Asks: 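One structure, as structure tokens, below. Some questions next.
From a predicted model like this one, the values you see are computed outputs, not experimental measurements. Counting starts at 1 for both ligands and their atoms, following the listed order.
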Amino acid sequence: MAEAKIIDGKAFAEELRNRVADQVRELKENNNLTPGLAVVLVGEDPASEIYVRNKNKMTTEAGMKSFEHRLPADTTQKQLLTLVEGLNSDPEVHGILVQLPLPDQIDEQAVLAKIDPTKDVDGFHVYNAGRLATGSDGLVPCTPLGCIMMIKDQLGENLSGKQALVIGRSNIVGKPMAALLLKEHCTVTIAHSRTQDLASEARRADILVVAVGRAQMVKGDWIKEGAVVIDVGMNRLTPNEEGKSKLCGDVDFEAAKEVAGAITPVPGGVGPMTIACLLQNTVTAACAQNDIEVPEV
Ligand code: GUN
């Protein structure tokens, strides 16, 4: 049996970002509209810093306006809510992203609930979560949106009747991922830490999405032959003797690629798609707020 196709998330994301840049160009020319994305970072978490820097760079490269708000780690909830209110009413801001996690003194849910749902490009507001759960259009969380695009790129637009297993039940990835697969008429199972006989569940899956944050938890002999395997995990292995630590996903990639039909690597799979989808969501939000169709490019 041939080895799996390795899904090139970097190339896929670059293509999507180019398409977004074309849409932005059309919106500027035809509608005098420049989509704007505001990113809020509270504190100095190093991983978040890198992520926010990349977001700003790619937003600008796509021709959009980028607004960056950096607040100190001791920011109060009230101060953050006041900033969000200001962004809600700023006509130049079409998308708002408050980087998570937030410091302990701030109630994350209260902040997410304050974001205008039409500007909620993370898709984390209960309004958008509810729209997705009921099969209606709305803003969809970026990581699952990127995953479903890659799945369709492998299997075609028609996923009807496929067996899909999502391992992980977070609000950010697992639950919206399952909702998207259900919307595509897959038979969807959600597995989690209490699931009995996870291996057997996985072996039935034509589509396997793993988002648990446990290095190489999914073994090669759990994979159905020819399955599409999407690995959302990003784990750092313990450093070797030279002090070098490697990144790896939630799937044992080397073993799984002998069996799968297609598989995302870590890094270079799902990761790059997340920011590209954020840019796409910002264009979608800007168009919806201005009663304009998203340009076909
Ligand atoms: N922290 C890590 N990933 C994300 C994301 O996609 N959105 C937000 N808001 N915070 C994050």
Asks: Kindly tell me which protein residues have any non-hydrogen atom under 4.0 angstrom away from an atom of ligand 1, grouped by chain and ordered by number?
Replies: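 Contacts of ligand 1 under 4.0 Å: Tyr51, Leu97, Val98, Gln99, Leu100, Asp122, Phe124.
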
Asks: Taking 4.0 angstrom as the limit, do Glu225 and Arg203 come out as a salt bridge?
Replies: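 Judged by the 4.0 Å cut-off on N to carboxylate O distance, Glu225 and Arg203 do not form a salt bridge.
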
Asks: Using a cut-off of 6.0 Å, state whether more than 12 heavy atoms not belonging to Asn30 lie near its atom CG.
Replies: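 Enclosed: over 12 neighbouring heavy atoms sit under 6.0 Å from CG of Asn30.
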
Asks: Assess, by modelled atom type and distance only, whether the side chains of Thr274 and Thr143 contain a donor and an acceptor separated by less than 3.5 Å.
Replies: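 A pair is found: one side chain offers a donor N or O, the other an acceptor, under 3.5 Å apart.
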
Asks: For a side chain to side chain contact (heavy atoms under 4.5 Å, CB included) check, start with the C-alpha distance between Ile151 and Leu181, then their side-chain angles and the critical distance, and finish with the verdict.
Replies: CA-CA 10 Å; Ile151 292 166; Leu181 289 161; 4.2 Å; yes

Asks: Using a distance-only test with no angle check, is there a side-chain donor-acceptor pair under 3.5 angstrom linking Lys55 and Gln99?
Replies: yes

Asks: Considering the options Leu139, Asp120, Thr118, which one meets the side-chain contact (heavy atoms from CB on, under 4.5 Å) requirement together with His125?
Replies: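 Option passing the side-chain contact (heavy atoms from CB on, under 4.5 Å) with His125: Asp120.
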
